[in-house]
Amino acid sequence: WDEPVIFELSQPGERGILLPEVEPEIARAAGQALAALPASMRRQNPPRLPEMSQNRVLRHYLRLSQETLGADLNVDVGQGTCTMKYNPKINDQLARQPAMTELHPRQPDSTVQGMLEVIAKLEGVMCEVSGMDTVSLQARGGSQAIFANMSMVRAWHESRGEAAQRDEVITTIFSHPSDAACAKLVGYKVITIYPDADGYPDLEALKAAISPRTAALVITNPEDTGIFNSRIREFVDAVHAVGGLCVYDQANANGLLGIARAREAGFDLCHFNLHKTFATPHACGGPAVGAVCCTAALAPFLPGPLVREKDGCYQLVPGGAQSIGKISSFAGAAGIILRAYAWVMNLGADGLRAVSEIAVLNNNYMMHELLKIDGMSAPYAPGKRRIEQVRYSWKALCDATGVTSEEIGFRAADFGLHYWTSHHPYLVPEPATIEPTESYSRTDLDEFISVMRHIAGEARSNPDLVKTAPHNCPTHRVQGEMLDDPERWGITWRAYQRKLGERGLA
Amino acid sequence: WDEPVIFELSQPGERGILLPEVEPEIARAAGQALAALPASMRRQNPPRLPEMSQNRVLRHYLRLSQETLGADLNVDVGQGTCTMKYNPKINDQLARQPAMTELHPRQPDSTVQGMLEVIAKLEGVMCEVSGMDTVSLQARGGSQAIFANMSMVRAWHESRGEAAQRDEVITTIFSHPSDAACAKLVGYKVITIYPDADGYPDLEALKAAISPRTAALVITNPEDTGIFNSRIREFVDAVHAVGGLCVYDQANANGLLGIARAREAGFDLCHFNLHKTFATPHACGGPAVGAVCCTAALAPFLPGPLVREKDGCYQLVPGGAQSIGKISSFAGAAGIILRAYAWVMNLGADGLRAVSEIAVLNNNYMMHELLKIDGMSAPYAPGKRRIEQVRYSWKALCDATGVTSEEIGFRAADFGLHYWTSHHPYLVPEPATIEPTESYSRTDLDEFISVMRHIAGEARSNPDLVKTAPHNCPTHRVQGEMLDDPERWGITWRAYQRKLGERGLA
Amino acid sequence: MATHPYIPNSVPEVRDAMLRAVGAASTEEFFADIPAALRMQGPLAIPAPHLSEARLKRHVDGLLRKNTHCASQLSFLGGGCYQHHVPAVCDEVNGRSEFATAYAGEPYDDHGRFQALFEYCSMMGELLEMDVVNVPVYDGMQAAATTVRMAGRHTGRRRVVVAGHINPDKLAVMQNYGRADLDFVLAPFDRASGLLDMAALAGLLDRDTAALYVDIPSFLGTIDDGAALAAAAHAVGALLVVGVDPVSLGVLAPPASYGADIVCGDIQPLGIHMNYGGGQGGFIASHDDPAIVMQYPSRLFGVVPTSVPGEYGFGDVAYSRTSFDKRENGNEFVGTAAALWGITAGVFLALMGPQGMVELATGIVQRTAYAKQRLARIPGVRVTHEGSCHFREFVVNFEGTGLPVAAINAALLKQGVFGGHDLSTDFPALGQSALYAFSEVHTQEDIDQLCATLEKVIGQ
Amino acid sequence: MATHPYIPNSVPEVRDAMLRAVGAASTEEFFADIPAALRMQGPLAIPAPHLSEARLKRHVDGLLRKNTHCASQLSFLGGGCYQHHVPAVCDEVNGRSEFATAYAGEPYDDHGRFQALFEYCSMMGELLEMDVVNVPVYDGMQAAATTVRMAGRHTGRRRVVVAGHINPDKLAVMQNYGRADLDFVLAPFDRASGLLDMAALAGLLDRDTAALYVDIPSFLGTIDDGAALAAAAHAVGALLVVGVDPVSLGVLAPPASYGADIVCGDIQPLGIHMNYGGGQGGFIASHDDPAIVMQYPSRLFGVVPTSVPGEYGFGDVAYSRTSFDKRENGNEFVGTAAALWGITAGVFLALMGPQGMVELATGIVQRTAYAKQRLARIPGVRVTHEGSCHFREFVVNFEGTGLPVAAINAALLKQGVFGGHDLSTDFPALGQSALYAFSEVHTQEDIDQLCATLEKVIGQ
């Protein structure tokens with residue numbers, strides 16, 4: 001499709017949908033209901049939205065959808081850290097029924113007993129999977145859950161009168177950017193630990209960093225390298241020893257369900273992304289849910305409202321006196337909670353464990369095969385197995401051919417595959433993070449591997465082909481420098497049109 | 001996508017869905033429930049269906065869907081006679097609710113009052129739109145409605161003791177093939193009238209054909225040429241004069257809603273396709289509904305069951321003693337009936353009339369512009385307006401370039417458009433039937449016109465490009481001769497594999 | 001009339017500009033050929049519309065709320081339309097805009113539609129162990145009606161012997177559809193066993209017989225000996241045509257294995273919602289015998305190589321058979337029927353796979369057997385053909401209760417149960433009997449609840 | 001554990017072959033780095049699963065049946081989440097597999113996702129008359145919390161004055177989110193009018209003030225004079241940040257027109273189902289001032305030419321602002337939030353067009369005004385800010401009835417009506433009051449029925 005920007009499709013007078021009539025008696029009674037407002041508070045001109053028939057609106061968005069490579073459409077293993085797995089359609093179907101979609105969050109508890117039961121039961125599952133004591137599902141994404149956890153760390157130290165003294169949070173460079181960012185946001189100085197020669201977070205560096213100023217350690221394990229840090233308990237104990245809390249970023253726990261938990265490693269807080277490990281759709285980037293899990297000691301700080309059961313009746317109760325307050329509106333993204341609940345209830349304990357076992361098998365199979373490609377390596381911990389993903393490096397290929405990891409990704413798109421380099425900074429040169437999850441068959445994995453091998457071959461035989469990719473996508477290489485130029489960026493169509501008129505572009 | 005045939009995706013052991021467990025007590029009680037059957041009645045080997053994970057099944061069909069050019073995705077005006085119009089999503093949404101989908105057709109009438117009311121009310125609308133007295137919505141397609149009408153013609157003459165004498169049905173070559181075929185099927189000899197020089201059915205030929213042997217006239221108006229036959233009443237009167245019935249094929253009535261009706265033209269029977277004029281989705285070719293409409297005189301012959309209202313309660317009653325019996329299962333394709341009902345109830349009388357007025361405007365605009373293309377013509381009735389569609393001819397272009405209408409259609413597919421030649425036989429040389437309906441904007445029509453103009457230009461400048469099309473479709477020109485060769489056709493994968501093994505193919 | 005969202009060019013300015021472009025003063029001009037006597041004089045007298053989508057939805061939802069449906073009740077209705085769990089992926093695929101709104105494109109622009117339907121036919125072929133399967137016709141009744149016409153054309157004979165335990169509606173469809181060229185005779189079935197009376201059948205089959213038509217399982221849930229029927233039909237040169245519940249083929253032999261020449265049935269149970277009967281779709285299958293293939297009226301899709309090596313394409317096989325090509329000289333007729341349900345059934349078969357189909361059918365056999373035992377224990381209730389094997393359905397006789405089926409069903413309805421289909425009108429010989437159907441949707445608890453409710457109802 | 005449909009390589013033969021390929025004896029080997037003390041010793045103690053989709057659906061449907069929902073009741077609840085008609089096309093688009101399961105692809109493979117979100121931002125820009133709109137954040141509360149942080153960074157000041165008629169939950173979110181770097185002060189509102197006390201406000205604004213934050217309409221449905229607020233804020237060099245109900249902008253002036261510097265709000269009313277609060281999504285908008293733009297933490301998508309003339313491409317604007325690029329040195333943080341609702345809101349705005357948005361808002365104003373008049377006539381019932389204009393919501397006081405709101409709502413519930421949100425806890429100064437909300441879903445009959453039911457309830 002060569003689909004225009006929607007404003008270019010406007011035909012004055014066309015309507016996409018009609019509104020219900022206002023009954024004459026209402027119109028009469030209402031009169032000029034806003035006449036008392038200052039004129040400056042009344043809109044003078046209708047918004048300049050496109051005017052389109054319903055058919056054309058639909059066609060436009062259907063075409064855009066076909067120009068979007070959803071996980072349903074491809075072997076989506078190249079988007080590492082994101083846990084792209086199969087999102088069962090039954091869960092969507094269940095969540096798209098009126099008994100879910102038409103619930104108002106302020107309805108009396110007695111009228112939402114089913115919904116509250118789902119929340120309570122999924123909280124119970126999260127408790128068991130993490131080993132923690134209490135859970136809140138209010139956060140609408142993983143980063144918001146991290147923020148909630150950091151807020152609870154702050155509230156905890158405040159409750160103990162140590163807030164002023166403890167102003168540092170320690171994290172690692174291979175933990176998610178939001179771990180560092182959220183610590184900063186709630187007011188902490190961030191200390192970042194780098195890996196040692198084997199790729200593990202440097203325990204000596206941690207020991208050097210901790211002090212009575214330490215509020216918390218925020219860490220992922222395995223980190224984005226997929227290498228499990230065996231000494232995690234030592235990290236946790238060291239931080240606890242100086243009075244800090246330990247926060248486990250389990251956004252991606254896909255390799256550890258029923259295998260290992262935050263509890264046994266001694267953590268005080270952790271979180272899961274339901275849209276990763278628990279199979280809710282990524283939805284172009286949300287809605288989503290981050291499950292905030294904590295020990296009983298931290299429970300008083302959880303955001304409200306909380307679901308409580310009493311005599312088989314569920315009710316929402318406000319957060320306690322020490323609660324951090326609200327993290328987001330109402331009880332969070334309930335439709336996502338329902339989907340995750342359905343997923344868990346379809347798999348059970350054996351199924352969850354099978355998820356992790358096969359995700360890890362797939363990952364190690366993938367690594368075994370990818371490392372046969374000349375020019376690709378898996379830095380750190382040579383010969384060691386990985387958990388659910390691997391951070392690879394194309395440095396050797398890039399040195400030999402000039403083709404970068406990013407360009408390999410653009411070329412992969414020509415084969416109908418997603419591919420992602422890695423979070424910044426690129427500590428591993430020319431990085432690629434591949435996470436096959438449990439959802440893909442051996443045949444699927446082999447297909448991905450063969451594309452990687454093919455592109456690596458192209459890089460050597462015809463590097464220009466790769467360096468000018470994509471060739472087979474809905475659009476071609478963008479003039480990216482405009483996006484960083486305030487004079488030329490166009491964040492809305494109106495801004496683009498204005499700038500185009502004022503000074504030309506491109 | 002380069003998506004394999006589904007059997008090629010099979011991995012033994014994979015499962016797409018799991019079945020409910022049989023409770024132990026049931027299994028115990030059931031024992032070997034079929035042990036008493038002859039062994040030859042028990043299946044020996046499981047069917048050799050593909051074995052696939054759910055993710056892979058879904059991905060396969062989603063990819064196939066993207067390789068299908070639904071009306072929602074394109075300016076679907078090139079599929080003449082089919083009335084490709086916008087099928088509102090709200091109607092699908094309404095019809096996909098459990099209160100529609102989970103109804104069993106044998107439920108007590110008291111539990112399906114809403115459904116029966118919808119049927120009854122849509123029958124009422126059909127009565128009004130046709131001017132007829134009674135309607136049955138049992139037929140599951142237009143051709144089945146034609147068959148029902150022909151069955152009623154037969155039953156009518158049988159009831160009057162004239163069945164043996166009346167053994168001929170008259171139709172026209174520009175009426176739908178099923179009009180002729182169904183007449184034949186119920187036992188009639190078919191007499192086909194050809195058009196006169198102006199493209200109208202030849203009245204003189206009709207007059208020569210009618211006789212006491214005439215059972216019925218079955219005719220479309222306007223025919224696929226889009227030309228309204230002004231003398232239709234004379235046709236009807238002539239047939240009535242010899243004791244025959246008149247059946248109006250109104251499968252496509254999109255130009256006549258609120259404009260002209262079967263009643264005023266004197267017809268005894270007619271039918272509408274709800275998936276054409278009444279906007280239900282074509283669904284790759286059904287499910288669908290044909291509305292069978294008739295005068296009170298013919299009503300006793302309608303198929304049962306019929307919906308009757310009594311004191312605000314609706315009930316299904318069997319067909320009468322003279323009923324032709326059943327045409328299809330139960331009360332027909334109820335979900336389609338619901339969609340058409342919703343469509344009518346959204347438009348009302350004014351809306352239905354606007355549908356026809358704009359459909360006809362669009363068609364005449366399209367004709368006006370297409371006839372500017374060198375090499376295209378609209379045979380018959382020069383200078384006359386058309387109703388809802390036009391049968392064009394590319395004869396001049398083909399004579400000049402060798403490019404056929406069929407090849408133009410293959411090339412149009414490269415531009416993301418459907419295009420259809422016409423029903424056989426090709427009375428109009430190198431025919432194309434274009435029907436813009438009311439659903440497309442002027443901009444949409446202009447886009448279609450410009451593609452036609454472009455291809456006509458290519459035919460002159462680079463005929464090979466057109467003759468080897470498609471170039472931009474999921475697949476390329478097929479080896480069509482295999483499809484007519486019993487030695488080589490492959491109607492199922494198993495047959496194809498067998499023949500491939502036995503004698504090679506291609 | 002204001003601009004309507006479904007009619008873009010109803011914008012007055014656009015409409016007027018288009019009128020100007022074609023040199024027309026108004027749309028009335030386009031209707032100039034329609035004589036005044038044929039023109040409607042006033043507006044259509046139909047109900048006032050709900051112009052907004054919001055009010056339309058509220059109106060229709062209000063109507064639908066007057067229905068009670070099987071997902072909220074306990075239902076044991078069958079008789080040709082069956083409640084099964086419909087996999088969400090089936091709904092997802094048939095709800096895709098592309099499939100929902102495609103129609104009659106060429107094998108290039110609609111490659112996916114052709115492939116999906118070819119694959120449906122191919123998977124049905126594996127289930128049936130036959131090489132030829134058609135693109136769906138309207139329903140199983142239409143399929144049955146066409147198969148005997150095919151047999152008639154193939155054999156050049158008029159007589160069709162139909163098993164007497166057929167769905168009476170199906171018989172009505174077959175008769176009306178075929179009677180111009182065929183004569184129908186019913187073969188009686190044994191009262192005790194619910195199976196065909198083989199001796200009587202032998203007397204009905206003769207050298208004028210084109211086909212013996214039988215449903216296996218029968219409308220009453222019983223299972224005749226196919227091989228014996230095949231022998232009887234073939235002995236007089238007739239074809240054996242078997243109507244089959246495709247779900248049963250997880251445990252029952254495919255008719256081809258015992259000698260059926262043409263097989264047909266309804267695909268509704270394969271992943272399609274009941275839709276008050278709107279989920280039906282008919283299939284016809286045979287071996288790859290050109291003499292039979294040329295008798296199909298339906299579209300048949302075939303796989304073929306394309307101009308690109310290794311690539312598959314699809315197209316119509318032997319199109320010249322059809323009325324599309326030959327009008328009244330083609331076979332019967334062909335038109336829009338139930339293609340989307342064909343695609344859906346294909347998705348269903350792919351999801352189920354071999355093991356799923358076996359488990360599905362086995363589970364139904366087990367639940368049916370359990371229900372037979374439980375129901376037979378209720379005082380006054382008798383399983384009519386208790387000694388025979390059943391698939392999915394069986395006849396329950398209530399004469400011992402002194403109550404008509406209508407009264408029992410009315411009482412069950414009050415308890416939220418849709419009792420079995422009342423057979424007393426269509427099969428008076430069976431007395432006050434009802435046809436009870438079971439599937440994987442039923443738990444043991446459901447069946448026990450049915451029995452408990454029946455006991456209560458009868459005891460009152 | 002048998003092979004599960006979601007886990008293809010759980011087929012034992014495949015799993016074993018893969019283990020062999022990588023030289024592992026079992027999957028246990030992959031977990032060798034996890035110390036025994038950290039390993040779970042037993043299975044997870046979670047409820048027994050419903051392995052079949054059929055039983056899973058039945059289980060979840062059973063839970064959902066315990067809910068009563070607004071499509072089957074009459075609801076007047078609002079307070080940040082609103083019942084509107086959701087156009088079917090909105091559901092169709094956000095239900096598309098491609099959009100539902102896409103995530104973080106590049107602008108090439110996910111061109112459509114980028115375009116759809118860019119168009120959403122662009123249409124919001126027209127509604128707001130602002131040039132910069134972000135890709136959605138979690139909800140309107142998050143948007144509000146971020147806007148005041150943006151103002152703090154932009155001005156280098158700590159003080160934030162918040163209008164006192166704010167949703168108390170939103171205030172709680174803002175405080176927890178901002179308090180490391182901001183100090184919050186509440187500005188009181190007038191009891192009679194429900195509008196901000198301008199004199200008191202002037203006293204609160206000072207040269208340390210980064211922003212004045214106000215919702216227009218307020219949580220209580222009243223509409224302050226934006227120009228006066230802008231003048232007051234700008235007088236001390238503070239930014240005016242306005243939280244706005246996007247639906248109101250069909251009749252109310254876009255805040256940019258009266259001087260707002262940053263605008264935010266929740267897109268849930270734009271074609272997104274309530275989902276028990278799961279339909280929220282936050283927007284932030286501003287003028288195209290680079291100094292402000294660089295304060296956004298969110299992703300901003302921009303349109304750019306590509307290497308093919310005339311073709312559009314999309315990409316991230318000023319990515320270096322973000323925590324994705326700079327970790328703790330980026331602005332706040334960014335992550336998965338509510339993108340699908342952004343796409344959906346775009347579809348909604350495209351369907352509505354200019355006229356639709358005006359009609360929608362106008363109709364709500366009219367229904368609200370009608371309801372005010374009708375409710376005020378009920379004995380004992382008082383509209384608290386009766387003299388002020390309202391959009392969509394207003395406060396109803398029940399003190400004259402002698403009944404607490406809780407009792408009235410309980411009685412309404414018995415009649416199938418969800419009464420207004422009880423304000424007595426959060427706004428004790430308003431006494432026994434409730435917040436009633438109206439939209440285009442309500443007919444005159446619905447409002448009349450509410451009043452009749454209230455009269456009956458109060459009269460008892």
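Quick caveat: nothing in here was measured; it's all calculated off a predicted structure. Only heavy atoms go into these numbers, but all of them, side chains included; no hydrogens, no water, no symmetry mates. Naming: A, B, ... by sequence-line order, numbering from 1 per chain.
Gln113(B) approaches Asn67(C) most closely through the heavy-atom pair N-OD1, 3.6 Å.
In terms of heavy-atom pairs under 4.5 angstrom with chain C, the leader among Pro287(B), Ala334(B), Gly31(B), Ala183(B) is Pro287(B). With chain B as partner, the option from Val89(C), Leu252(C), Thr27(C), Leu64(C) having the largest number of non-hydrogen pairs under 4.5 angstrom is Leu252(C). Taking Ala33(B), Gly480(B), Ala283(B), Pro470(B) one by one and counting their heavy-atom pairs under 4.5 Å with chain C, the maximum is reached by Ala283(B).
For Pro87(C), the parts sitting under 4.5 Å from any heavy atom of chain B are the backbone and the side chain alike. Using a 4.5 Å cut-off between heavy atoms, Phe30(C) contacts chain B through both its backbone and its side chain. With a 4.5 angstrom heavy-atom cutoff, Ala37(C) touches chain B only via backbone atoms. Of the atoms belonging to Tyr258(C), it is side-chain heavy atoms, and not backbone ones, that fall under 4.5 Å from chain B. With a 4.5 angstrom heavy-atom cutoff, Pro474(B) touches chain C via backbone and side-chain atoms both. Contact of Tyr365(B) with chain C is made through backbone and side chain together, with heavy-atom distances under 4.5 Å. Only the side chain of Gln97(B) comes within contact range of chain C, judged by heavy atoms closer than 4.5 Å. When heavy atoms are compared at a cutoff of 4.5 Å, His368(B) approaches chain C solely by way of its side chain, counted from C-beta outward. Only the side chain of Glu117(B) comes within less than 4.5 Å of a heavy atom in chain C; its backbone stays farther off. Contacts between His423(B) and chain C at a heavy-atom distance below 4.5 Å involve the side chain alone, from C-beta outward. Using a 4.5 Å cut-off between heavy atoms, Ile336(B) does not touch chain C at all. Interface residue Glu438(B): backbone and side-chain heavy atoms are both found under 4.5 Å from chain C. Using a 4.5 Å cut-off between heavy atoms, Gln355(C) touches chain B through backbone and side chain atoms alike. Proximity to chain B (any heavy atom under 4.5 Å) is shown, for Val303(C), by both the backbone and the side chain. Heavy atoms of Asn87(B) lying under 4.5 Å from chain C belong exclusively to its side chain.
Taking the six-membered ring wherever Trp is involved, the centroid distance between the rings of Phe99(C) and Tyr61(B) does not fall below 6.0 Å. Note: Tyr276(C) and Phe330(B) fail the aromatic proximity criterion, with ring centroids not under 6.0 Å apart. A ring-centre distance under 6.0 Å is not found for Tyr103(C) and Trp420(B). Residues His424(B) and Phe324(C) place their aromatic rings such that the two centres sit no closer than 6.0 Å. Taking the six-membered ring wherever Trp is involved, the centroid distance between the rings of Tyr6(C) and Tyr86(B) falls below 6.0 Å.
Remark: Glu3(B) CD to Arg63(B) CZ distance equals 5.0 Å, nearest 0.5 Å.
Using a 4.0 Å cut-off between charged nitrogen and carboxylate oxygen, Asp61(C) and Lys57(C) count as a salt-bridge pair.
No side-chain N or O of Gln83(C) forms a donor-acceptor pair with one of His104(B) less than 3.5 Å apart.
Not a single salt bridge (charged side-chain N to carboxylate O under 4.0 Å, His left out) links Arg42(B) to another residue, sequence neighbours left out.
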